[in-house]
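In what follows, a single structure is set out as structure tokens and then discussed.
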Amino acid sequence: MLLTATLFAPLAGALLVALVPAARQESARLVALAASLVTLGLAVVLAARFQTGDAGFQLGMTAEWVPAFGVSYRVGVDGVSLPLVLLTAVLTPLAIAGSWRMADRPRTYLALLLVLETAMLGVFVSLDLFLFYVFWEAVLVPAYFLIGSFGGERRVYAAVKFFVYTLLGGLLMLVGIIALFWLHQQATGTPTFDYEALVDFQKAPSTQRWLFAAFFAAFAIKTPVWPFHTWLPDAYTEAPTTTTVLLAGVMSKLGVYGFLRFALPLFPDGARWAQPVLLTLAVVGILYCALVATMQRDFKTLVAYSSVSHLGFIVLGIFAFNLQGLQGGVFYMVAHGLVIGGLFFITGMLEERRGTRRIEEFGGLQQVVPRMGGVMLVITLGSVALPGLVGFVGEFLTLLGAFLENRVYAVLATVGVILGAVYLLWAYQRMWHGPLEREENRSLPDLTRREWAILAPLVAAIIVLGLFPRPVLDRVEPSAQRVVEQTQAPSP
Amino acid sequence: MHPLAQATTQPLPLPEVDWRAIAPELALAVAGVVLLLVVAFWPRAGRGVLAGLTLAGLAAAAALTVWNWDLERVAFEGAVSLDGITRYARAVLLAVGALATLMVAQGDSREGEPDDSPPEVFPLLLFALLGMVLLAAASDLLVVFIALEILSLSLYVMAGETRRLAAQEAAMKYFLLGAFSSAFLLYGIALCYGATGSTNLLEIADATGDPTADGTLLLAGVGLLAVGFLFKVSAVPFHMWTPDVYQGTPTPVAAFMAAATKVAGFAVFLRVFAGALGGLVVSWRPVIAGAAVLTMLVGAALAVVQTDLKRMLAYSSISHAGYLLVGVAAAATVPAGVSASMFYLLTYAFMVMGAFMVVQYVSRLGPPDDDAIGERSSLEDYRGLARRHPWAAGLLAVFMLALTGIPPLSGFWAKYYVFLAGIEAGLTWLVVVAVISSVISAFFYLRVLVVAYLQEPVGDPGAETAPGRTPALGVALGLAGLLTVAIGLAPEALIAAARSAERILG
């Protein structure tokens, strides 16, 4: 019940926001913020009640939905999904606070953000494949409107590309889900989409391969795995900044979470079969997108490419099929969400002040807005995985996992770490240091109190989780271990 | 002896009249005649009165349908059969008829303009519905033909109900091509009769199992029947008339044609092909599957390039006929094919009618694009709709997303059910084509939303005329939207009802 309340609190908030009279759109912000904070509160209670050390699903709820199709409403959290639920619950209020000064139809915008939150939370907590698919597709609708209706110049192109690309992957996965359901029904006579029943159901290795391929289509596009990433720079760059925070911070985790939660345990043989391909794509993605990021002139696009590059590490960790890799992958998801969220927030704040995101328009900002610069430094260093900050733990564990599985991939990926440091620090240097050349930059105001309120929790989390990652890792470990066992399980 | 000669020597059996079995049809016929008399002798009767009478007739038919709900029998010596398909189709058709009545009652004239649509459209609507419900119940090919003619003749007239050039042209096209397809159907019936010695579906079903029967003749007959039915449900390559007719004809009539004709057409398609000709599935499945592939892809691909919403909806309806054909192709071997198609028809009818209702609403906001067409349905007219008419745009979004098949709206479950039936019948390749077509379809449904939501209004919004009071249309829109969302959230009951419609009596 608690989980269901957490899941639908944002949706209820969205309805309330939509009911705010048009003349008093400002109060919509308060309603939206309150709804997202209630969700955060519920998520915190959820985390407090969570039993550490238990690998299974907890705090769940099961109800019938469409018994004619064997579809049920089953939700629950384990060590893998709990951190992601918390991440979502933390980033949404920040995104709402970030949209505080929005002038264009704030009511619609905030309602859509809240709908997006429910849809994404739903993906993380669904334990019925059909329910999962429903939330998976439901993410598309608010995201489409957020990008297409509120984004930049090429927003329509970006929104349609994003929608159609993701829909294609999703529908292929749907065919896979139906086939899996059908095979299970043939074998056992019970129509069900229940996650655990379908995981326990033994599938022939050849079947697993093409089913894995169907799921791969959806997850690889959503993550995105190189070369399925082409929708992402457009979508991230064109979306309004606070939407990008949620897209990059949370939505990009849906794909990797899908691999971890569904593709691996459901089709261990298929996953092992595809492992070399996935590892290769991950490494190519890390290197390629890092190189492309280096070339960018628009800071937002640079961060977008850095996001794809970093997600490669998560895929690498997950497809290492060992505890270090999986645990690191989950931790990296959280770390990436915090860091990338911070980077996009700062981008948005700079854009609000200067009306541009081009790196060459800045320079020497450290002298004008030192506080912002300090925050930026922490976040950047968190992103390039400085030891002691959150990114390091994730990157270290995923690389360790990859190293234990296959050294070549790990070594190549390490080059990506270096490239990551190159493009981010280079951009940082060009924007924040050097001479203050542009006249317009001399009068930029430093962080406001509202902006502090947005960035402070992120910076605190980046430092605290970097120094004390254990609370998260302890909760992730049993569930990650279970996935490792499921993946290693010999086929019949 | 040759079966033909045999038939002539037998005395013509006089069927026992089973009043109860055709009670809903009788109610519709009576209501239609009453309305004709009212229109003839009381020419000043307002549209409200006529709509009220029409709705009363529909309500009576609905009550009789409910009364007959548990009745399962073959009546009139096998000419009419009461089974799941019959009652499900009756219920859906009557609901569609009620929504269409509300749309017609609203009319397509703007505030202050004289009404262009004649009052006879109400009785015609009832007669068309009579043909449709009879078609869904027909289990004799002659009754099929008669029912088809009742509905077609009514629709030919309805399509040209206004004096606008486009409507006249649409009616003429529909009539000529429709008559052509009726001839095909009739010839098919004759060949089937020649091959099996009967026009009764139950007897044809028995004859298909007989190895001594003339296979070639029967297959030729089946092919011609397929042509006739494919025309009525506007499947490729017999779809050419659809866009012109939907665009030219007044919006309420187009909505009624798009929704109701499909329901009746597919009901009889299922009964004849999956029921009576189920034994010949190996012969006809490749044809139907091929038509399904063409229909899905051609419909979706051509919809992408349309610039008029009514034309786009016409191509979208062609594409949806393709998904339904997947259900038909599956239905002969898996019962889920029947229930999936029936459920699809139900959801589709409300989605597409809803979409046309929004067209009708927007058409009231300004002068027509073109005097010959007389409506305002170009995509350009939807620019920035969300800013000026958020409710209309919101409903449009619901219908477009439902037609795309986005969960948790009704269209999603329908598509899912058809895909499931297809996979169950071993037609996975066909389902993959359906998935591809769904992705293509996202382009054009989204484009409507792009225009309505993401683009700024052009010109001076003050130049728009007010939509005026639209009580009937408002109610209809509300109902269609509510059903689309509610079926999406809680489809269980209606799926169960469709499941109970799986058994075909013949």
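The sequence lines fix the lettering, A, B, ..., with proteins before strands; numbering per chain opens at 1. What you are looking at is a predicted structure, and each value in this text was computed from that prediction instead of being measured.
Residue A:Tyr144 comes nearest to B:Val450 through the heavy atom pair OH-CG2, 2.9 Å, listed as atom of the first residue, atom of the second, then distance. A:Ala68 and B:Glu492 make their closest contact through N-OE1, 2.9 Å (heavy atoms, listed as atom of the first residue, atom of the second, distance). When all heavy atoms are compared, the tightest approach of B:Leu446 to A:Phe163 is CD1-CD2, 3.2 Å. The two atoms that bring A:Leu167 and B:Ser438 nearest to each other are CD2-O, 4.3 Å, heavy atoms only.
Considering CG of A:Leu171 and OH of B:Tyr416, their distance stands at 13.0 Å, rounded to 0.5 Å. The line from CH2 of A:Trp65 to CG of B:Leu489 is 7.0 Å long, rounded to the nearest 0.5 Å. Interatomic distance, A:Ile178 CD1 to B:Leu420 CG, rounded to the nearest 0.5 Å: 6.0 Å.
For the set A:Pro67, A:Ala138, A:Gly148, A:Ser149, the count of heavy-atom pairs under 4.5 angstrom toward chain B peaks at A:Pro67. Looking only at heavy-atom pairs under 4.5 Å with chain A, the residue among B:Tyr417, B:Phe419, B:Trp413 that has the most is B:Trp413. Per-residue heavy-atom pair counts under 4.5 Å with chain B were compared for A:Tyr133, A:Phe130, A:Trp136, and the maximum is reached by A:Phe130.
Of the atoms belonging to B:Ile440, not a single heavy atom falls under 4.5 Å from chain A. Proximity to chain A is limited to the side chain of B:Leu401, based on heavy atoms less than 4.5 angstrom apart. Neither the backbone nor the side chain of A:Phe150 comes within contact range of chain B, judged by heavy atoms closer than 4.5 Å. Only the side chain of B:Arg499 comes within less than 4.5 Å of a heavy atom in chain A; its backbone stays farther off.
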Starting from the C-alpha separation in whole Å, work towards a yes-or-no answer on side chain to side chain contact (heavy atoms under 4.5 Å, CB included) for B:Val435 and A:Leu174. CA-CA 9 Å; B:Val435 165; A:Leu174 179 63; over 6 Å; no
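Dense packing is recorded around OH of B:Tyr445, with more than 12 heavy atoms of other residues, nucleotides or ligands lying under 6.0 Å away. With a 6.0 Å radius and a threshold of 12 heavy atoms from other residues, nucleotides or ligands, A:Gln186 has its CD atom above the threshold. Surrounding CD of A:Gln185 are more than 12 heavy atoms belonging to other residues, nucleotides or ligands, all under 6.0 Å away. The 12-atom threshold is exceeded at CH2 of A:Trp210, counting heavy atoms of other residues, nucleotides or ligands nearer than 6.0 Å.
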